[in-house]
Amino acid sequence: MYGATVDPIEDIRTDEEKLAEFEARIARGEKIEPGDWMPDEYRRQLIRMISQHAHSEVVGMLPEGAFITRAPNLRRKLILLAKVQDEAGHGQYLYHAAETLGATREEMLEALLSGKAKYSSIFNYPTLSWADMGAIGWLVDGAAILNQTMLAKCSYGPYARAMVRICAEENFHRRQGQDIVITLALGTPEQKGMMQDSINRWWWPTLMMFGPHDTDSPNSAVLIRWGIKTKTNDELRQTFVDQTVPELLALGLTIPDPELRYDEASGHWHFGEINWDEFWNVVKGNGPCNAERMAARRQAHEDGLWVREAMAAYAEKHQS
Amino acid sequence: MNANLKQALTDYLVAMADDELILGHRNSEWCGHAPILEEDIAFANIALDEIGHAIVWYELAADLSGEDRDTYANRVVYFRDAPDYRNTQMVELPKGDWAFTMLRQYLFDQFEMVRLEKLTQSSYASLAEAAAKIRTEEIYHLRHTRAWVRRLGLGTDESHRRMQAALNDLWPYALALFEASTRETLLIQASYIPDISILKTAWQVQVTTYLQEAALTMPTNSSHAIPPRTHHTEHLGGLLSDLQQVARLDPMAKW
Ligand SMILES: [Fe+2]
Ligand SMILES: [Fe+2]
Ligand SMILES: [Fe+2]
């Protein structure tokens with residue numbers, strides 16, 4: 001009837017209609033925000049990804065953190081300490097982003113400490129020399145940036161915005177790593193040897209950071225369809241190789257891959273096959289440092305228990 | 001400035017720098033292991049600041065002794081052995097638990113505060129300027145550590161017990177912060193630095209009042225005398241072997 005007032009109607013759309021609308025919004029490039037309707041699977045995938053990402057930042061403090069006290073000059077010490085501190089900040093933004101989806105910090109921490117949640121396998125490799133600070137900054141943070149630059153455009157607003165902030169800092173991390181690599185590669189023969197050894201150890205684990213081949217990546221299709229990922233693992237990995245190989249070679253360093261060659265026809269660097277047995281083995285918890293990393297996190301958690309209890313008790317007594 | 005005075009002031013600056021460096025180093029050991037993620041960030045800031053302050057003092061010492069600013073700090077930090085360090089023993093003690101770390105930082109921050117306030121009036125202009133700048137950061141440190149002292153002192157029985165134990169351990173070391181070396185007399189006469197023994201009373205009133213408000217009991221038996229800055233605990237050697245190990249792989253190399 002013309003001119004009649006319309007009562008607010010409850011959302012009577014079927015789930016199929018909601019899903020269609022949700023997917024249309026993503027297709028239009030709109031951001032999904034915390035209060036918006038979203039499929040359970042979208043929420044589940046995001047919580048999984050964001051909390052894994054947060055855990056990676058936090059566990060990722062450990063391998064580099066071990067060299068803060070050993071940095072070879074004061075400038076490097078300040079930079080490394082600030083970098084590891086940044087990673088804690090990234091963990092914090094990401095836990096907040098996951099909380100917007102209904103996950104709690106306690107649940108997420110519990111999942112990490114019980115071994116249920118994963119974090120990036122790269123941090124299950126040991127840091128054995130100062131040169132590793134270069135390799136991690138340049139290669140590992142460099143690889144992370146590619147992934148995070150993609151995620152900065154993802155369909156979920158809070159995750160995308162956290163990524164924009166994080167990427168700015170990661171670029172600084174990458175640069176400080178590159179600076180260490182350059183200094184050592186052009187330094188004394190011993191320094192160059194130390195740098196080469198480090199590249200030899202970190203190259204393949206870095207390539208593994210991009211995850212399994214697209215064909216073996218169970219979540220890839222749905223993540224791409226819902227605009228969480230916009231590039232596949234293999235695409236990102238190829239971009240990383242194309243970008244990094246010439247820069248490392250230019251420094252007189254070599255890359256531990258006998259199959260590595262530039263392919264004129266495609267304009268890409270061809271590289272050898274990743275050792276997928278090693279990859280899955282580390283994912284399953286059997287990497288060189290999985291046990292140490294988890295032990296260190298649990299130790300910090302347990303040692304901090306009385307502190308957190310005191311904070312809570314104090315807050316309780318002194319709230320006015 | 002005559003040579004004697006110059007040497008005395010250089011030594012004074014290096015001792016101040018050594019305190020901040022070693023304490024900052026100890027604090028940095030928490031990064032990645034703090035009881036809450038927020039403190040991985042906040043306490044790393046304090047560590048960064050303290051190491052930054054050390055660099056300021058080392059650079060002033062370099063200027064004074066005609067050394068190169070850019071290389072002096074790294075040389076004295078990375079290539080001096082433990083017996084040549086002039087930090088007070090309190091800062092080299094292992095980080096202990098969160099109560100020990102926070103209380104040590106609080107006692108030291110409060111000490112720095114009273115000293116810096118006076119140093120801003122130093123007749124040596126660049127020292128006065130640096131003190132004024134550093135003081136603004138110390139205000140923030142003190143706010144942070146004071147809050148923790150209260151929280152832990154008044155939190156739970158366990159946190160209180162740990163704070164009291166930390167206080168009993170730290171107190172004699174803290175009092176040693178106010179032991180002046182004989183050469184400081186020269187500097188005091190020239191109005192370069194305050195007479196630290198006079199500042200002791202003000203500091204002691206401040207910290208005693210505050211710690212008592214946090215339900216802590218001041219230790220009375222301080223017979224445990226802490227030796228002067230020329231003497232160190234066994235912990236400094238361990239700390240330095242960690243700090244210096246990479247730099248000493250090749251002293252001539254650029255890192
Ligand atoms: Fe990060
Ligand atoms: Fe990073
Ligand atoms: Fe300071």
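Because the structure is a prediction, the values reported are computed rather than measured. Chain naming here is simple, since letters A, B, ... match the order of the sequence lines and numbering starts at 1 in each.
Put simply, of Ala300(A), Ala313(A), Ala88(A), the one with the most heavy-atom pairs under 4.5 Å next to chain B is Ala88(A). Taking chain B as the reference chain and counting heavy-atom pairs below 4.5 Å, the highest number among Glu190(A), Gln299(A), Arg105(A) is found for Arg105(A). Top candidate by heavy-atom pairs under 4.5 Å with chain B, chosen from Lys77(A), Glu64(A), Arg297(A), is Lys77(A). For chain A, the option among Leu48(B), Leu21(B), Thr156(B) with the highest count of heavy-atom pairs below 4.5 Å is Leu48(B). Ranked by non-hydrogen atom pairs under 4.5 Å with chain B, the options Ala71(A), Gly65(A), Gly187(A) are led by Ala71(A). Options Leu154(B), Leu243(B), Asp242(B) differ in how many heavy-atom pairs under 4.5 Å they form with chain A, and the most are formed by Asp242(B). For the options Asn45(B), Asn74(B), Asp40(B), Ile41(B), heavy-atom pairs under 4.5 Å to chain A are most numerous at Ile41(B). Of the listed residues (His25(B), Arg26(B), His33(B), Gln244(B)), the one with the most heavy-atom contacts under 4.5 Å to chain A is His25(B). Put simply, of Met61(A), Gln85(A), Arg76(A), the one with the most heavy-atom pairs under 4.5 Å next to chain B is Gln85(A).
In this structure, the portion of Arg308(A) lying under 4.5 Å from any heavy atom of chain B is its side chain and not its backbone. Within the 4.5 angstrom heavy-atom criterion, no atom of Asp303(A) approaches chain B. Heavy-atom distances place the side chain of Val58(A), and not its backbone, under 4.5 Å from chain B. Only the side chain of Gln191(A) comes within contact range of chain B, judged by heavy atoms closer than 4.5 Å. In this structure, the portions of Leu74(A) lying under 4.5 Å from any heavy atom of chain B include both its backbone and its side chain. Contact of Leu78(A) with chain B is made through backbone and side chain together, with heavy-atom distances under 4.5 Å. Contact annotation for Glu38(B): both backbone and side-chain heavy atoms come within less than 4.5 Å of a heavy atom of chain A. No part of Ala54(B) comes within reach of chain A, as not one of its non-hydrogen atoms sits under 4.5 angstrom from that chain. Neither the backbone nor the side chain of Leu239(B) has a heavy atom closer than 4.5 Å to any heavy atom of chain A. Both the backbone and the side chain of Thr69(A) come within contact range of chain B, with heavy atoms under 4.5 Å apart.
Expressed to the nearest 0.5 Å, how far NE2 of His144(B) lies from CD1 of Ile46(B) amounts to 5.0 Å. Considering CG of Leu152(B) and CD of Gln164(B), their distance stands at 13.0 Å, rounded to 0.5 Å. Atom-to-atom distance recorded for Asp81(B):CG and Ser241(B):OG is 11.0 Å, nearest 0.5 angstrom. Between the OH atom of Tyr95(A) and the CG atom of Leu37(B) there is a distance of 7.0 Å, given to the nearest 0.5 Å.
In this structure, Arg201(A) and Thr206(A) have side chains that are not in contact, with every pair of non-hydrogen atoms separated by 4.5 Å or more. By the 4.5 Å heavy-atom criterion applied to side chains, Thr101(B) and Asp97(B) are not counted as neighbours. Residues Arg75(A) and Ile55(B) are not in side-chain contact: their nearest non-hydrogen atoms beyond the backbone lie 4.5 Å or more apart. For the pair Val76(B) and Asp18(B), the minimum side-chain heavy-atom distance is 4.5 Å or more.
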Verdict with reasoning, Arg69(B) to Asp63(B), per salt bridge (Lys or Arg N to Asp or Glu O under 4.0 Å): CA-CA 7 Å; Arg69(B) 261 185 170 228; Asp63(B) 294 347; 2.8 Å; yes
Verdict with reasoning, Trp255(B) to Thr183(A), per side chain to side chain donor-acceptor pair (under 3.5 Å): CA-CA 6 Å; Trp255(B) 294 92; Thr183(A) 305; over 6 Å; no
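Tyr106(B) pairs with exactly one of Phe111(B), Tyr210(B), Trp148(B) by the ring pair (Phe, Tyr, Trp, His ring centres under 6.0 Å) rule, that one being Tyr210(B).
At most 12 heavy atoms of other shown residues, nucleotides or ligands fall within 6.0 angstrom of atom CZ in Arg165(A).
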